[in-house]
Amino acid sequence: MARLVLLSEGFNGRTYELKVEKTTVGRVSDNAFEIPEASVSSHHAEIILRGNDVVIRDLGSTNGTFINGEKITEAVLKPGQALRLGTIDLRLETGDGFVDAAPAGAGAAPAAARKPKQNLDQTVIIPQGVKLDELGNAGGPPNLGNTTGFEKKTNRGGKIFAIAVIIAIVCLLGALAWVLFK
């Protein structure tokens, strides 16, 4: 039996058995396979079982559907290949204890080319986020000029407030003196 294993942090180890001919995947609860994550569209993709093939069809998702890093609209997903929906990483596994060793696009592997699935001692977490070289500042630290960011701040607002209070007091005293000595 084919199943999808989620690999992304926060979803580690969660699986979904592919039992029916067509499975919808998305962020909202009316999908057969719900993945409540912001990068996954509300109705992101369909998974279609065609004989021994598992076909992935993107449903016009915002952040795309990828197999082994290549953006697809519809493609066959082979056992062991990486599927990404938005920023969520998944892997297709089969229930026969083997991972297909054929290269992508080579079709099904003959029995001699199949190798036993390796059991990992621990779950591998695939890091997410922005790499330094993807930033607009060539990956370097921000240019702060001659400042370190820890300089003492001026208290100009406090000085202006004190002057305004003094002027108001002088005006009140002047008005009081004018009323009293008139």
Side-chain angles (χ1 to χ4, degrees), residues 1-140:
M1 171 89 32
R3 66 183 179 159
L4 289 172
V5 179
L6 281 94
L7 304 173
S8 295
E9 194 169 347
F11 297 97
N12 286 347
R14 183 175 162 200
T15 63
Y16 184 82
E17 298 285 331
L18 299 173
K19 299 176 185 176
V20 295
E21 183 180 331
K22 186 188 286 186
T23 303
T24 57
V25 182
R27 186 179 66 243
V28 295
S29 61
D30 66 347
N31 290 287
F33 183 20
E34 179 185 358
I35 303 175
E37 206 281 327
S39 69
V40 176
S41 292
S42 56
H43 297 98
H44 198 102
E46 286 180 332
I47 302 169
I48 304 160
L49 298 178
R50 287 189 190 147
N52 291 332
D53 288 338
V54 176
V55 178
I56 308 296
R57 179 184 299 150
D58 185 83
L59 297 176
S61 63
T62 303
N63 294 316
T65 302
F66 300 82
I67 294 179
N68 286 346
E70 185 176 323
K71 189 170 186 173
I72 59 105
T73 53
E74 184 172 322
V76 174
L77 180 66
K78 300 289 183 187
Q81 285 186 317
L83 171 65
R84 189 174 80 227
L85 305 174
T87 60
I88 300 297
D89 292 307
L90 306 99
R91 181 181 59 236
L92 178 64
E93 292 183 353
T94 58
D96 62 5
F98 288 89
V99 173
D100 199 336
R114 294 165 62 98
K115 60 180 181 179
K117 181 172 35 172
Q118 296 177 358
N119 289 327
L120 299 176
D121 292 335
Q122 62 187 18
T123 301
V124 177
I125 297 175
I126 300 173
Q128 300 288 322
V130 178
K131 296 177 179 70
L132 285 177
D133 59 350
E134 293 174 353
L135 296 174
N137 195 13

Practice task
Drop me the distance from R84's CZ to K71's NZ, to the nearest 0.5 angstrom.
Solution key: 10.0 Å

Problem - Nearest-0.5 Å distance, CZ of residue R3 to CD of residue E17 - result: 6.0 Å

What I'd like to find out is whether the side chain of [X] reaches to under 4.5 Å of the side chain of [Y], using heavy atoms alone.
X   : Y   : answer
N68 : Q81 : yes
V25 : Y16 : no
L4  : I47 : yes

Handout entry: Exercise: identify the closest heavy-atom pair between I88 and F11
Key = CD1-CE1, 3.6 Å

Completion exercise
For I72 and D58, the nearest pair of non-hydrogen atoms, with its separation, is O-CB, 3.8 Å

Could you pull out every donor-acceptor pair under 3.5 Å between side chains of residues 29-42 and any protein atom, sequence neighbours left out?
| residue | atom | partner | partner atom | Å |
| --- | --- | --- | --- | --- |
| D30 | OD1 | H43 | NE2 | 2.9 |
| D30 | OD2 | H43 | NE2 | 3.1 |
| N31 | OD1 | T24 | OG1 | 3.4 |
| N31 | ND2 | V28 | O | 3.0 |
| N31 | ND2 | S42 | O | 2.7 |
| E37 | OE1 | S39 | N | 2.7 |
| E37 | OE1 | S39 | OG | 2.3 |
| S39 | OG | T87 | N | 2.9 |
| S39 | OG | T87 | OG1 | 2.8 |
| S41 | OG | T62 | N | 2.9 |

Problem - For L90, the option from L77, L7, L6 that meets side-chain contact (heavy atoms from CB on, under 4.5 Å) - result: L6

Completion exercise
Residue pairs passing the ring pair (Phe, Tyr, Trp, His ring centres under 6.0 Å) test with at least one member in residues 49-94, sequence neighbours excluded, are none

Exercise for the section: Verify, without hydrogens or angle tests, whether H44 (side chain) and G64 (backbone) share a donor-acceptor contact under 3.5 angstrom. Expected result: yes

Practice task
Check for a donor-acceptor pair, side chain of T15 on one end and backbone N or O of V5 on the other, with a separation under 3.5 Å.
Solution key: no

N/O donor-acceptor pairs under 3.5 Å from side chains in residues 49-57, not counting sequence neighbours:
| residue | atom | partner | partner atom | Å |
| --- | --- | --- | --- | --- |
| R57 | NE | E74 | OE1 | 2.9 |
| R57 | NH1 | E46 | OE1 | 3.0 |

